[in-house]
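Here is the naming used below: chain letters follow the sequence lines, and residue numbers restart at 1 for every chain.
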Amino acid sequence: MKTIVWMHEDGLRQLLPEAPAIFVFEDKGHSLKRIVFLYECLLELDVVIAKGDVETLVRKFAAAHGAERIVTTFTECPRVTAQARELGAEMVNDDPFIAAAGPYDLKRFSRYWQRVERKVLEL
Amino acid sequence: MMRREFGSREELVEYLKMEFPESSAHGEAVSGTRGGRRAAQALFDRVNPDRYARSRNFLSGAVTRLAPYLRHGVLTMGEVRRGALGQPNPEKLVQEYAWRDYWRRVYGQIGEGVWEDREEPKRQGRAAQQWELPADVPAAETGLACMDGFVTELKSTGYLHNHARMWFAAYVIHWRRVRWQSAARFFLTHLLDGDPASNNLSFQWVASTFGSKPYIFNRENLEKYTAGEYCLGCGRNQDCPFGKSYEAIDQELFR
Ligand SMILES: Cc1cc2nc3c(=O)[nH]c(=O)nc-3n(C[C@H](O)[C@H](O)[C@H](O)COP(=O)(O)OP(=O)(O)OC[C@H]3O[C@@H](n4cnc5c(N)ncnc54)[C@H](O)[C@@H]3O)c2cc1C
(Lines give C-alpha, C1' and ligand atoms only; values in the text may rest on other atoms or scores of the structure.)
Protein backbone atom coordinates (compact mmCIF):
# COMPACT_ATOMS: atom_id res chain seq x y z
CA MET A 1 0.00 0.00 0.00
CA LYS A 2 1.32 3.46 -0.86
CA THR A 3 2.31 5.32 2.27
CA ILE A 4 3.20 8.89 3.22
CA VAL A 5 4.66 10.19 6.47
CA TRP A 6 3.19 13.10 8.36
CA MET A 7 6.09 14.57 10.30
CA HIS A 8 5.23 16.73 13.33
CA GLU A 9 7.20 18.71 15.92
CA ASP A 10 7.69 15.75 18.25
CA GLY A 11 9.25 13.54 15.57
CA LEU A 12 11.79 15.41 13.45
CA ARG A 13 13.51 12.34 12.05
CA GLN A 14 13.12 10.10 9.00
CA LEU A 15 10.54 7.54 10.13
CA LEU A 16 10.23 5.63 6.81
CA PRO A 17 13.11 6.71 4.57
CA GLU A 18 11.38 5.51 1.36
CA ALA A 19 8.05 7.21 1.94
CA PRO A 20 7.39 10.84 0.93
CA ALA A 21 7.08 13.04 4.01
CA ILE A 22 5.42 16.34 4.82
CA PHE A 23 5.73 18.76 7.75
CA VAL A 24 3.17 21.53 8.33
CA PHE A 25 3.83 24.64 10.41
CA GLU A 26 0.82 25.86 12.38
CA ASP A 27 0.68 29.07 14.33
CA LYS A 28 1.83 27.95 17.78
CA GLY A 29 3.10 31.24 19.15
CA HIS A 30 6.72 30.09 18.93
CA SER A 31 9.58 32.55 19.23
CA LEU A 32 11.76 33.15 16.16
CA LYS A 33 14.65 31.19 17.69
CA ARG A 34 12.44 28.13 18.13
CA ILE A 35 11.22 28.38 14.54
CA VAL A 36 14.80 28.67 13.26
CA PHE A 37 15.75 25.59 15.29
CA LEU A 38 12.83 23.57 13.92
CA TYR A 39 13.55 24.71 10.38
CA GLU A 40 17.20 23.73 10.61
CA CYS A 41 16.13 20.27 11.75
CA LEU A 42 13.79 20.00 8.76
CA LEU A 43 16.41 21.16 6.24
CA GLU A 44 18.53 18.09 7.06
CA LEU A 45 15.61 15.79 6.34
CA ASP A 46 13.97 14.64 3.14
CA VAL A 47 10.63 16.35 3.75
CA VAL A 48 8.29 18.83 2.13
CA ILE A 49 7.78 21.86 4.37
CA ALA A 50 4.41 23.61 4.32
CA LYS A 51 2.44 26.12 6.36
CA GLY A 52 -1.28 26.20 7.06
CA ASP A 53 -3.95 23.76 8.15
CA VAL A 54 -2.49 20.35 9.02
CA GLU A 55 -5.41 18.17 8.07
CA THR A 56 -6.09 19.86 4.74
CA LEU A 57 -2.45 19.88 3.64
CA VAL A 58 -1.61 16.34 4.75
CA ARG A 59 -4.71 14.97 3.00
CA LYS A 60 -3.80 16.85 -0.19
CA PHE A 61 -0.24 15.54 -0.01
CA ALA A 62 -1.48 11.97 0.43
CA ALA A 63 -3.85 12.32 -2.51
CA ALA A 64 -1.11 13.78 -4.71
CA HIS A 65 1.00 10.68 -4.00
CA GLY A 66 -1.93 8.31 -4.41
CA ALA A 67 -1.32 7.12 -0.85
CA GLU A 68 -3.99 5.46 1.29
CA ARG A 69 -1.84 5.06 4.36
CA ILE A 70 -0.52 7.88 6.58
CA VAL A 71 2.12 7.11 9.18
CA THR A 72 3.39 9.38 11.94
CA THR A 73 5.67 9.24 14.99
CA PHE A 74 4.09 8.43 18.35
CA THR A 75 3.66 11.33 20.76
CA GLU A 76 1.80 11.91 24.01
CA CYS A 77 0.77 15.39 22.80
CA PRO A 78 -3.05 15.53 22.88
CA ARG A 79 -3.34 17.91 19.93
CA VAL A 80 -1.17 15.85 17.59
CA THR A 81 -2.92 12.68 18.74
CA ALA A 82 -6.31 14.19 17.89
CA GLN A 83 -5.05 15.34 14.48
CA ALA A 84 -3.64 11.88 13.79
CA ARG A 85 -6.98 10.32 14.68
CA GLU A 86 -8.76 12.79 12.39
CA LEU A 87 -6.38 11.86 9.54
CA GLY A 88 -6.64 8.15 10.25
CA ALA A 89 -2.84 8.15 10.65
CA GLU A 90 -1.02 5.24 12.21
CA MET A 91 1.24 6.25 15.14
CA VAL A 92 4.55 4.40 15.35
CA ASN A 93 6.60 4.30 18.54
CA ASP A 94 9.82 3.28 16.78
CA ASP A 95 12.44 3.61 19.53
CA PRO A 96 10.92 4.24 22.98
CA PHE A 97 12.79 4.67 26.28
CA ILE A 98 11.28 1.46 27.65
CA ALA A 99 10.09 -1.29 25.35
CA ALA A 100 7.23 -2.51 27.56
CA ALA A 101 4.37 -0.04 27.63
CA GLY A 102 3.44 -0.33 31.30
CA PRO A 103 0.98 0.72 32.65
CA TYR A 104 2.95 2.25 35.50
CA ASP A 105 1.83 3.93 38.69
CA LEU A 106 2.53 7.59 37.85
CA LYS A 107 1.49 9.17 41.16
CA ARG A 108 5.13 9.98 41.96
CA PHE A 109 8.39 9.61 40.04
CA SER A 110 9.77 7.35 42.78
CA ARG A 111 7.05 4.73 42.19
CA TYR A 112 7.58 4.74 38.44
CA TRP A 113 11.38 4.59 38.89
CA GLN A 114 11.11 1.62 41.25
CA ARG A 115 9.25 -0.30 38.56
CA VAL A 116 11.44 0.64 35.57
CA GLU A 117 14.92 1.00 37.08
CA ARG A 118 16.15 -2.55 36.41
CA LYS A 119 14.78 -2.60 32.89
CA VAL A 120 16.24 0.70 31.77
CA LEU A 121 19.66 0.07 33.27
CA GLU A 122 20.35 -3.02 31.19
CA LEU A 123 21.36 -2.87 27.55
CA MET B 1 5.44 24.80 -0.18
CA MET B 2 8.19 26.49 1.80
CA ARG B 3 11.72 27.13 0.64
CA ARG B 4 14.52 24.61 1.21
CA GLU B 5 17.54 26.30 -0.33
CA PHE B 6 19.44 29.04 1.51
CA GLY B 7 22.85 30.54 0.95
CA SER B 8 23.49 31.19 4.63
CA ARG B 9 21.94 31.11 8.06
CA GLU B 10 21.27 34.87 7.80
CA GLU B 11 19.27 34.29 4.65
CA LEU B 12 17.25 31.58 6.39
CA VAL B 13 16.55 33.85 9.37
CA GLU B 14 15.41 36.71 7.11
CA TYR B 15 13.08 34.36 5.25
CA LEU B 16 11.58 33.01 8.48
CA LYS B 17 11.04 36.52 9.86
CA MET B 18 8.95 37.27 6.78
CA GLU B 19 7.06 33.99 6.87
CA PHE B 20 6.34 34.18 10.62
CA PRO B 21 5.91 37.92 11.34
CA GLU B 22 3.92 37.17 14.54
CA SER B 23 7.01 35.59 16.11
CA SER B 24 8.62 39.04 16.48
CA ALA B 25 6.32 39.64 19.48
CA HIS B 26 8.87 37.54 21.39
CA GLY B 27 11.96 39.30 20.09
CA GLU B 28 14.30 38.66 17.19
CA ALA B 29 17.01 36.66 18.94
CA VAL B 30 18.32 33.52 17.24
CA SER B 31 20.11 30.89 19.30
CA GLY B 32 23.68 29.75 18.73
CA THR B 33 22.29 26.22 19.10
CA ARG B 34 21.72 24.76 15.64
CA GLY B 35 18.89 22.46 14.72
CA GLY B 36 19.43 19.11 13.03
CA ARG B 37 20.81 15.64 13.47
CA ARG B 38 24.40 16.69 12.76
CA ALA B 39 24.53 19.15 15.64
CA ALA B 40 22.74 16.66 17.88
CA GLN B 41 25.22 13.93 17.00
CA ALA B 42 28.19 16.16 17.86
CA LEU B 43 26.76 16.74 21.35
CA PHE B 44 25.75 13.10 21.73
CA ASP B 45 29.31 11.98 20.96
CA ARG B 46 30.57 14.14 23.82
CA VAL B 47 28.18 12.83 26.50
CA ASN B 48 30.12 11.62 29.50
CA PRO B 49 27.81 9.99 32.08
CA ASP B 50 30.48 9.77 34.77
CA ARG B 51 31.39 13.46 34.62
CA TYR B 52 27.70 14.26 34.33
CA ALA B 53 26.92 12.43 37.58
CA ARG B 54 29.65 14.31 39.45
CA SER B 55 29.02 17.82 38.12
CA ARG B 56 25.45 18.16 36.82
CA ASN B 57 24.25 20.51 39.58
CA PHE B 58 26.88 23.13 38.72
CA LEU B 59 26.12 25.68 36.02
CA SER B 60 29.57 24.87 34.62
CA GLY B 61 28.94 21.11 34.91
CA ALA B 62 29.13 18.51 32.15
CA VAL B 63 25.45 18.60 31.21
CA THR B 64 24.51 17.21 27.81
CA ARG B 65 22.42 20.02 26.23
CA LEU B 66 20.51 17.32 24.37
CA ALA B 67 17.09 18.60 25.50
CA PRO B 68 15.98 20.44 22.33
CA TYR B 69 16.88 17.41 20.20
CA LEU B 70 15.07 14.96 22.49
CA ARG B 71 12.12 17.30 22.73
CA HIS B 72 11.66 17.21 18.97
CA GLY B 73 12.54 13.60 18.34
CA VAL B 74 15.76 14.37 16.47
CA LEU B 75 17.32 11.86 18.85
CA THR B 76 15.24 9.05 20.32
CA MET B 77 14.99 8.22 24.00
CA GLY B 78 16.04 4.68 23.12
CA GLU B 79 19.30 5.69 21.50
CA VAL B 80 20.41 8.09 24.23
CA ARG B 81 19.65 5.46 26.89
CA ARG B 82 21.71 2.84 25.05
CA GLY B 83 24.47 5.42 24.49
CA ALA B 84 24.75 6.04 28.24
CA LEU B 85 24.73 2.33 29.10
CA GLY B 86 27.75 1.76 26.90
CA GLN B 87 29.82 3.97 29.22
CA PRO B 88 30.98 3.88 32.87
CA ASN B 89 28.62 5.01 35.65
CA PRO B 90 25.48 5.63 33.55
CA GLU B 91 22.87 5.43 36.37
CA LYS B 92 22.44 9.12 37.16
CA LEU B 93 22.15 10.21 33.54
CA VAL B 94 19.70 7.43 32.72
CA GLN B 95 17.62 8.46 35.73
CA GLU B 96 17.48 12.03 34.39
CA TYR B 97 16.37 10.73 31.00
CA ALA B 98 13.74 8.79 32.93
CA TRP B 99 12.37 12.05 34.33
CA ARG B 100 11.59 13.12 30.82
CA ASP B 101 9.92 9.78 30.07
CA TYR B 102 7.94 10.03 33.32
CA TRP B 103 6.61 13.54 32.64
CA ARG B 104 5.66 12.55 29.10
CA ARG B 105 3.73 9.53 30.39
CA VAL B 106 1.84 11.76 32.82
CA TYR B 107 1.12 14.10 29.89
CA GLY B 108 -0.25 11.13 27.94
CA GLN B 109 -2.68 10.49 30.81
CA ILE B 110 -3.82 14.02 31.64
CA GLY B 111 -3.24 15.96 28.39
CA GLU B 112 -4.15 19.63 28.75
CA GLY B 113 -4.55 18.95 32.48
CA VAL B 114 -0.84 19.82 32.76
CA TRP B 115 -2.08 23.44 32.89
CA GLU B 116 -4.08 22.85 36.09
CA ASP B 117 -2.89 22.26 39.64
CA ARG B 118 -2.52 18.51 40.06
CA GLU B 119 -2.91 18.74 43.85
CA GLU B 120 -3.48 21.37 46.51
CA PRO B 121 -0.29 23.33 47.31
CA LYS B 122 1.22 21.81 50.46
CA ARG B 123 2.05 24.97 52.40
CA GLN B 124 -0.45 27.74 52.02
CA GLY B 125 1.13 30.61 53.95
CA ARG B 126 1.70 33.41 51.50
CA ALA B 127 0.63 31.14 48.65
CA ALA B 128 0.94 32.33 45.07
CA GLN B 129 -1.98 34.63 44.33
CA GLN B 130 -1.17 36.75 41.32
CA TRP B 131 -1.83 35.42 37.81
CA GLU B 132 0.31 37.79 35.75
CA LEU B 133 4.08 37.75 35.68
CA PRO B 134 5.15 41.17 37.09
CA ALA B 135 6.68 43.21 34.25
CA ASP B 136 10.13 43.56 35.85
CA VAL B 137 10.67 39.80 35.69
CA PRO B 138 10.52 39.15 31.91
CA ALA B 139 12.16 42.57 31.34
CA ALA B 140 15.18 41.41 33.41
CA GLU B 141 14.80 44.45 35.67
CA THR B 142 14.39 42.93 39.12
CA GLY B 143 17.84 44.20 40.10
CA LEU B 144 18.79 40.65 41.12
CA ALA B 145 21.80 39.76 39.00
CA CYS B 146 20.96 36.05 39.09
CA MET B 147 17.30 36.28 38.02
CA ASP B 148 17.94 39.03 35.46
CA GLY B 149 20.87 37.04 34.13
CA PHE B 150 18.73 33.90 33.73
CA VAL B 151 16.03 35.83 31.87
CA THR B 152 18.56 37.43 29.54
CA GLU B 153 20.19 34.08 28.81
CA LEU B 154 16.83 32.39 28.25
CA LYS B 155 15.66 35.03 25.81
CA SER B 156 18.86 35.13 23.82
CA THR B 157 19.84 31.43 23.75
CA GLY B 158 16.62 29.48 24.42
CA TYR B 159 18.45 27.47 27.09
CA LEU B 160 18.82 27.48 30.86
CA HIS B 161 20.61 25.01 33.09
CA ASN B 162 18.23 22.86 35.17
CA HIS B 163 19.32 24.48 38.44
CA ALA B 164 18.68 27.98 37.03
CA ARG B 165 15.20 26.86 35.96
CA MET B 166 14.52 25.64 39.51
CA TRP B 167 15.77 28.85 41.16
CA PHE B 168 13.83 31.04 38.76
CA ALA B 169 10.61 29.04 39.23
CA ALA B 170 10.97 29.18 43.03
CA TYR B 171 11.67 32.91 42.98
CA VAL B 172 8.63 33.73 40.87
CA ILE B 173 6.21 31.39 42.64
CA HIS B 174 7.29 31.70 46.27
CA TRP B 175 8.98 35.11 46.58
CA ARG B 176 6.88 37.00 44.01
CA ARG B 177 3.73 34.98 44.75
CA VAL B 178 2.83 34.45 41.12
CA ARG B 179 0.80 31.48 39.90
CA TRP B 180 3.13 29.08 38.12
CA GLN B 181 1.18 29.12 34.82
CA SER B 182 2.35 32.56 33.66
CA ALA B 183 6.00 31.74 34.30
CA ALA B 184 5.54 28.39 32.58
CA ARG B 185 4.12 30.10 29.51
CA PHE B 186 7.10 32.50 29.45
CA PHE B 187 9.50 29.53 29.54
CA LEU B 188 7.63 27.63 26.82
CA THR B 189 7.84 30.59 24.49
CA HIS B 190 11.60 30.93 24.78
CA LEU B 191 13.07 27.50 25.53
CA LEU B 192 14.20 25.58 22.45
CA ASP B 193 13.24 22.48 24.44
CA GLY B 194 9.95 24.00 25.66
CA ASP B 195 7.69 21.06 26.45
CA PRO B 196 4.29 21.29 28.20
CA ALA B 197 5.09 18.02 29.99
CA SER B 198 8.57 18.59 31.48
CA ASN B 199 8.07 22.32 31.83
CA ASN B 200 4.64 22.60 33.40
CA LEU B 201 5.05 19.58 35.63
CA SER B 202 8.45 20.82 36.85
CA PHE B 203 6.86 24.16 37.69
CA GLN B 204 4.20 22.23 39.59
CA TRP B 205 6.89 20.28 41.40
CA VAL B 206 8.46 23.57 42.57
CA ALA B 207 5.02 24.93 43.54
CA SER B 208 4.19 21.67 45.41
CA THR B 209 1.04 21.10 43.37
CA PHE B 210 2.77 17.96 42.06
CA GLY B 211 5.05 17.03 44.93
CA SER B 212 5.09 16.77 48.68
CA LYS B 213 6.71 20.12 49.56
CA PRO B 214 7.54 23.44 47.90
CA TYR B 215 11.07 23.75 46.50
CA ILE B 216 13.05 26.66 47.94
CA PHE B 217 16.72 27.62 47.86
CA ASN B 218 18.97 30.18 49.52
CA ARG B 219 21.88 32.35 48.50
CA GLU B 220 24.49 29.95 49.81
CA ASN B 221 23.10 27.24 47.53
CA LEU B 222 22.94 29.49 44.47
CA GLU B 223 26.37 30.95 45.14
CA LYS B 224 27.92 27.50 45.45
CA TYR B 225 26.54 26.09 42.19
CA THR B 226 27.19 29.27 40.18
CA ALA B 227 30.68 29.80 41.62
CA GLY B 228 29.51 33.21 42.81
CA GLU B 229 29.27 34.48 39.26
CA TYR B 230 26.07 36.48 39.83
CA CYS B 231 26.36 37.58 43.46
CA LEU B 232 29.76 39.17 42.98
CA GLY B 233 28.57 42.16 40.97
CA CYS B 234 24.94 42.16 42.12
CA GLY B 235 23.43 45.54 42.97
CA ARG B 236 21.33 43.87 45.64
CA ASN B 237 24.25 42.08 47.23
CA GLN B 238 23.48 43.78 50.57
CA ASP B 239 19.72 43.27 50.43
CA CYS B 240 19.54 39.81 48.87
CA PRO B 241 16.12 38.19 49.44
CA PHE B 242 17.80 34.78 49.42
CA GLY B 243 20.58 35.58 51.89
CA LYS B 244 19.19 33.66 54.88
CA SER B 245 19.02 30.20 56.37
CA TYR B 246 16.45 27.75 55.03
CA GLU B 247 14.56 27.99 58.33
CA ALA B 248 14.31 31.78 58.09
CA ILE B 249 13.18 31.64 54.46
CA ASP B 250 10.63 28.97 55.26
CA GLN B 251 9.25 31.13 58.08
CA GLU B 252 9.11 34.20 55.89
CA LEU B 253 7.45 32.53 52.90
CA PHE B 254 5.08 30.02 54.42
CA ARG B 255 4.36 31.25 57.95
C1 LIG C 1 11.01 25.02 35.89
C2 LIG C 1 11.56 23.96 34.97
C3 LIG C 1 11.17 23.93 33.63
C4 LIG C 1 11.67 22.95 32.77
N5 LIG C 1 11.23 22.94 31.46
C6 LIG C 1 11.66 21.96 30.61
C7 LIG C 1 11.20 21.92 29.26
O8 LIG C 1 10.39 22.73 28.83
N9 LIG C 1 11.69 20.94 28.46
C10 LIG C 1 12.58 20.01 28.90
O11 LIG C 1 13.00 19.14 28.13
N12 LIG C 1 13.02 20.02 30.18
C13 LIG C 1 12.59 20.96 31.05
N14 LIG C 1 13.04 20.97 32.34
C15 LIG C 1 13.93 19.88 32.82
C16 LIG C 1 15.44 20.17 32.72
O17 LIG C 1 15.72 21.39 33.36
C18 LIG C 1 15.94 20.22 31.29
O19 LIG C 1 15.55 19.06 30.59
C20 LIG C 1 17.46 20.29 31.24
O21 LIG C 1 17.94 21.35 32.00
C22 LIG C 1 17.92 20.45 29.79
O23 LIG C 1 19.29 20.63 29.69
P24 LIG C 1 20.28 19.45 29.28
O25 LIG C 1 19.79 18.82 28.02
O26 LIG C 1 21.66 19.98 29.30
O27 LIG C 1 20.00 18.44 30.47
P28 LIG C 1 20.88 17.26 31.14
O29 LIG C 1 21.03 17.58 32.57
O30 LIG C 1 22.13 17.01 30.36
O31 LIG C 1 19.92 16.02 31.03
C32 LIG C 1 19.87 15.12 29.92
C33 LIG C 1 18.45 14.99 29.43
O34 LIG C 1 17.63 14.38 30.43
C35 LIG C 1 16.35 15.01 30.46
N36 LIG C 1 16.18 15.66 31.76
C37 LIG C 1 17.14 16.03 32.64
N38 LIG C 1 16.61 16.56 33.75
C39 LIG C 1 15.28 16.53 33.57
C40 LIG C 1 14.17 16.94 34.37
N41 LIG C 1 14.32 17.45 35.59
N42 LIG C 1 12.92 16.78 33.87
C43 LIG C 1 12.73 16.24 32.64
N44 LIG C 1 13.75 15.84 31.84
C45 LIG C 1 14.99 15.98 32.30
C46 LIG C 1 16.33 16.03 29.34
O47 LIG C 1 15.77 15.45 28.19
C48 LIG C 1 17.80 16.34 29.13
O49 LIG C 1 18.09 16.76 27.83
C50 LIG C 1 12.56 21.96 33.24
C51 LIG C 1 12.96 22.01 34.59
C52 LIG C 1 12.47 22.99 35.44
C53 LIG C 1 12.92 23.00 36.88
Side-chain angles (χ1 to χ4, degrees), chain A residues 7-15 22-25 27-45 47-51 73-79 81-82 93-99 101-104 106-109 111-113 116-117 120-123, chain B residues 1-4 6 9 12-13 16-17 19-20 22-24 26-31 33-39 68 71-79 81-82 85-86 90-91 94-95 97-102 104-109 111-112 157-158 189-192 194 196-197 211:
Chain A
M7 201 181 275
H8 54 72
E9 273 189 23
D10 299 357
L12 300 184
R13 61 177 179 274
Q14 222 83 52
L15 187 60
I22 182 169
F23 177 94
V24 182
F25 274 101
D27 183 10
K28 291 210 164 149
H30 285 331
S31 61
L32 179 67
K33 55 186 167 296
R34 180 92 176 255
I35 296 171
V36 170
F37 180 86
L38 294 171
Y39 216 93
E40 285 177 331
C41 292
L42 291 166
L43 287 178
E44 281 189 14
L45 299 169
V47 60
V48 167
I49 310 171
K51 191 173 69 167
T73 312
F74 170 81
T75 173
E76 295 85 355
C77 171
R79 177 165 171 77
T81 305
N93 204 350
D94 54 332
D95 191 16
F97 187 61
I98 312 169
Y104 299 108
L106 300 177
K107 172 91 173 117
R108 288 287 183 259
F109 176 79
R111 295 193 194 172
Y112 153 89
W113 181 245
V116 305
E117 180 174 7
V120 300
L121 288 177
E122 62 193 31
L123 257 177
Chain B
M1 222 79 91
M2 297 187 75
R3 226 173 107 187
R4 291 197 49 112
F6 300 92
R9 195 178 202 217
L12 167 66
V13 171
L16 293 177
K17 273 187 199 164
E19 289 287 336
F20 299 94
E22 63 288 349
S23 69
S24 66
H26 311 297
E28 299 209 330
V30 172
S31 176
T33 301
R34 303 275 173 135
R37 173 78 206 194
R38 235 170 312 153
R71 164 69 184 89
H72 296 106
V74 177
L75 298 172
T76 66
M77 292 298 287
E79 72 179 313
R81 182 181 72 84
R82 291 187 297 274
L85 293 179
E91 292 79 9
V94 172
Q95 191 179 42
Y97 290 148
W99 272 101
R100 175 178 153 76
D101 187 64
Y102 172 70
R104 292 294 300 188
R105 282 171 191 269
V106 174
Y107 190 35
Q109 277 190 356
E112 299 300 335
T157 68
T189 300
H190 290 286
L191 285 170
L192 295 185

For this session: Go through A:Val116 and B:Asp101 one step at a time and tell me if the side chain to side chain contact (heavy atoms under 4.5 Å, CB included) criterion holds.
Result: CA-CA 11 Å; A:Val116 305; B:Asp101 187 64; over 6 Å; no
For this session: Using non-hydrogen atoms and a 4.5 Å limit, figure out which bit of A:Phe23 sits close to chain B: side chain, backbone, both or neither.
Result: neither
For this session: Please look at A:Tyr39 and chain B and tell me whether the side chain, the backbone, both or neither of the residue comes under 4.5 angstrom of a heavy atom of that chain.
Result: side chain
Exercise. Does the ring center of A:Phe37 lie less than 6.0 Å from the ring center of B:His72?
Worked result: yes
Exercise. Of all heavy-atom pairs between A:Cys41 and B:Gly36, which one has the smallest distance, and what is that distance?
Worked result: SG-N, 3.2 Å
Exercise. Closest heavy-atom contact between B:Val94 and A:Phe97?
Worked result: O-CZ, 3.8 Å
For this session: List the steps, then state whether side chain to side chain contact (heavy atoms under 4.5 Å, CB included) holds for B:Thr33 with A:Lys33.
Result: CA-CA 9 Å; B:Thr33 301; A:Lys33 55 186 167 296; over 6 Å; no
Problem set entry | Contact class of B:Glu22 relative to chain A, heavy atoms under 4.5 angstrom | side chain
Exercise. So which part of A:Lys107 gets closer than 4.5 Å to some heavy atom of chain B, the side chain, the backbone, both or neither?
Worked result: both
Seminar exercise, completed: Looking only at B:Arg4, B:Arg100, B:His26, B:Met77, the option with the highest number of non-hydrogen pairs under 4.5 Å against chain A is B:Arg4
Exercise. With chain A, which of B:Pro196, B:Pro68, B:Pro90 has the greatest number of heavy-atom pairs at distances under 4.5 Å?
Worked result: B:Pro68
Problem set entry | Contacts of type salt bridge (charged side-chain N to carboxylate O under 4.0 Å, His left out), residue A:Arg79, not counting sequence neighbours | A:Glu26
Problem set entry | Structural part of B:Glu19 lying under 4.5 Å from a heavy atom of chain A | both
For this session: Answer yes if the side chains of B:Thr189 and A:Arg34 hold a donor-acceptor pair under 3.5 Å, and no otherwise.
Result: no
Exercise. Highest number of heavy-atom pairs under 4.5 Å with chain B: which of A:Thr81, A:Ile22, A:Thr73, A:Val47?
Worked result: A:Val47
Exercise. Going by heavy atoms in the side chains, are B:Gln95 and A:Glu117 under 4.5 Å from each other?
Worked result: no
Exercise. Below 4.5 Å, heavy atoms only, C-beta onward: do B:Met2 and A:Lys51 meet side chain to side chain?
Worked result: yes
Exercise. For A:Leu123 and B:Arg81, what are the C-alpha separation, side-chain angles and deciding distance, and is it a side chain to side chain contact (heavy atoms under 4.5 Å, CB included)?
Worked result: CA-CA 9 Å; A:Leu123 257 177; B:Arg81 182 181 72 84; 5.9 Å; no
For this session: Spell out, as yes or no, whether a donor-acceptor pair under 3.5 Å connects the side chain of A:Glu44 to the backbone of B:Arg38.
Result: yes
For this session: Flag the pair B:Arg104 and A:Glu76 as a salt bridge only when some basic side-chain nitrogen lies within less than 4.0 angstrom of an acidic carboxylate oxygen.
Result: yes
For this session: With a 4.5 angstrom heavy-atom cut-off, could you sort out which part of B:Tyr97 is near chain A: side chain, backbone, both or neither?
Result: both
Exercise. Which word best sums up how the rings of B:Tyr102 and A:Tyr112 line up, parallel for under 30°, tilted for 30 to 60°, or perpendicular for over 60°?
Worked result: tilted
Problem set entry | Counterpart residues, salt bridge (charged side-chain N to carboxylate O under 4.0 Å, His left out), relative to B:Glu91 (two or more places apart) | none
Seminar exercise, completed: In short, A:Leu32 meets B:Glu28 closest at the heavy-atom pair CD2-O, 3.7 Å
For this session: Below 4.5 Å from any heavy atom of chain B, which atoms of A:Val24 appear? Answer side chain, backbone, both or neither.
Result: neither
